[in-house]
Trainee: 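Input: one structure, supplied below.
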Amino acid sequence: MKKLKLLTLTIIALTAIIFTDVKAQETVVIRTLETQVKLIGDAEIVTVTPDGRVEQTLLVKGPMPKVIEDNSILIRNEIVKWRNQGFRMVSSTAAAHDNFLVTTYILEK
């Protein structure tokens with residue numbers, strides 16, 4: 001009988017943990033395109049908000065290395081804005097080519 005009670009409590013606890021983990025997550029996707037070549041497109045930050053809206057922020061153009069510094073600050077500010085709203089970074093990936101760098105950050109709450 002004692003084993004049955006322990007088994008029942010274990011099943012209830014596991015079920016509670018599973019259903020807590022399944023709750024809907026709010027997600028923000030931030031994608032940056034850094035480039036100095038106009039043919040590829042504008043260097044920008046594209047943010048998809050939890051409600052599906054798309055926000056675009058143009059990155060700075062100019063001479064290296066100053067442009068890298070300025071754009072790093074803009075990208076950081078976008079990430080901090082969402083972290084201050086309770087989101088946490090769950091993933092980031094980057095891909096580079098000769099003339100551009102694309103980075104994707106995924107944040108969840």
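None of these values were measured; they are calculated from a predicted model. The first residue of the sequence shown is numbered 1, and numbering continues consecutively from there.
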Trainee: Sequence neighbours left out, what passes side-chain hydrogen bond (donor to acceptor under 3.5 Å, both in side chains) with Thr49? Give chain and number order.
Mentor: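 Expected list: Asp51.
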
Trainee: Sequence neighbours left out, what passes side chain to side chain contact (heavy atoms under 4.5 Å, CB included) with Asp70? Give chain and number order.
Mentor: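 If we apply the side chain to side chain contact (heavy atoms under 4.5 Å, CB included) test to Asp70, skipping adjacent residues, the hits are Val60, Lys66.
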
Trainee: Under a 4.5 Å side-chain heavy-atom rule over Ile, Leu, Val, Met, Phe, Trp and Tyr, are Leu74 and Leu107 clustered together?
Mentor: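 Same hydrophobic cluster.
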
Trainee: Could you state the interatomic distance from CH2 (Trp82) to CD (Glu26), rounded to the nearest 0.5 Å?
Mentor: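 These two atoms lie 9.0 Å from each other.
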
Trainee: In terms of hydrophobic clustering (I, L, V, M, F, W, Y; side-chain heavy atoms under 4.5 Å; direct or indirect links), are Val67 and Ile45 co-clustered?
Mentor: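 Yes; tracing contacts between hydrophobic side chains, which count when under 4.5 Å, links both residues.
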
Trainee: Which atom pairs, donor and acceptor, lie under 3.5 Å between side-chain atoms of residues 87-96 and protein residues at least two apart or in another chain?
Mentor:
none

Trainee: Answer yes if Ile68 and Ile30 sit in the same cluster of Ile, Leu, Val, Met, Phe, Trp and Tyr residues linked by side chain heavy atoms under 4.5 Å apart, and no otherwise.
Mentor: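 Looking at the clustering, Ile30 is in the same group as Ile68.
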
Trainee: Measuring from Thr35:OG1 to Leu59:CG, what's the distance to the nearest 0.5 Å?
Mentor: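 So the OG1 of Thr35 and the CG of Leu59 are separated by 10.5 Å.
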
Trainee: Suppose we screen for side-chain hydrogen bond (donor to acceptor under 3.5 Å, both in side chains). Which residues come up paired with Thr104, at least two apart in sequence or across chains?
Mentor: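 For Thr104, the residues satisfying side-chain hydrogen bond (donor to acceptor under 3.5 Å, both in side chains) (neighbours in sequence not counted) are Arg31.
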
Trainee: Which heavy atom in Gln25 sits nearest to a heavy atom in Lys109, and how many Å separate them?
Mentor: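 Heavy atoms of Gln25 and Lys109 come nearest at OE1-O, 3.1 Å.
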
Trainee: Is there side-chain contact between Tyr105 and Thr32, with at least one heavy-atom pair below 4.5 Å?
Mentor: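 A side-chain contact exists here, since the closest heavy-atom pair is under 4.5 Å.
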
Trainee: Under the rule for salt bridge (Lys or Arg N to Asp or Glu O under 4.0 Å), what residues qualify as partners of Glu55, not counting sequence neighbours?
Mentor: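 In terms of salt bridge (Lys or Arg N to Asp or Glu O under 4.0 Å), with neighbours along the sequence ignored, Glu55 is linked to Arg53, Lys81.
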
Trainee: Could you work out, with side-chain hydrogen bond (donor to acceptor under 3.5 Å, both in side chains) as the rule, every residue matching Thr47, not counting sequence neighbours?
Mentor: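 Expected list: Glu78.
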
Trainee: For Asn84, what residues pass the side chain to side chain contact (heavy atoms under 4.5 Å, CB included) criterion, not counting sequence neighbours?
Mentor: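 Per chain and number, Asn84 pairs via side chain to side chain contact (heavy atoms under 4.5 Å, CB included) with Val80.
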
Trainee: Apply side-chain hydrogen bond (donor to acceptor under 3.5 Å, both in side chains) to Glu34 and list each qualifying residue two or more places apart in sequence or on a separate chain.
Mentor: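 None.
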
Trainee: Among pairs that include at least one residue of residues 61-80, which meet ring-ring contact (aromatic ring centres under 6.0 Å, His included), considering only residues two or more places apart or in two chains?
Mentor: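 Of all non-adjacent pairs touching residues 61-80, none passes ring-ring contact (aromatic ring centres under 6.0 Å, His included).
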
Trainee: Please name all residues satisfying side chain to side chain contact (heavy atoms under 4.5 Å, CB included) with Glu44, sequence neighbours left out, ordered by chain then number.
Mentor: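 Glu44 satisfies side chain to side chain contact (heavy atoms under 4.5 Å, CB included) with Val46, Gln56, Leu58 only.
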
Trainee: Taking Val48 as the starting point, is it possible to reach Val102 by hopping between hydrophobic residues whose side chains are less than 4.5 Å apart?
Mentor: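 Different hydrophobic clusters.
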
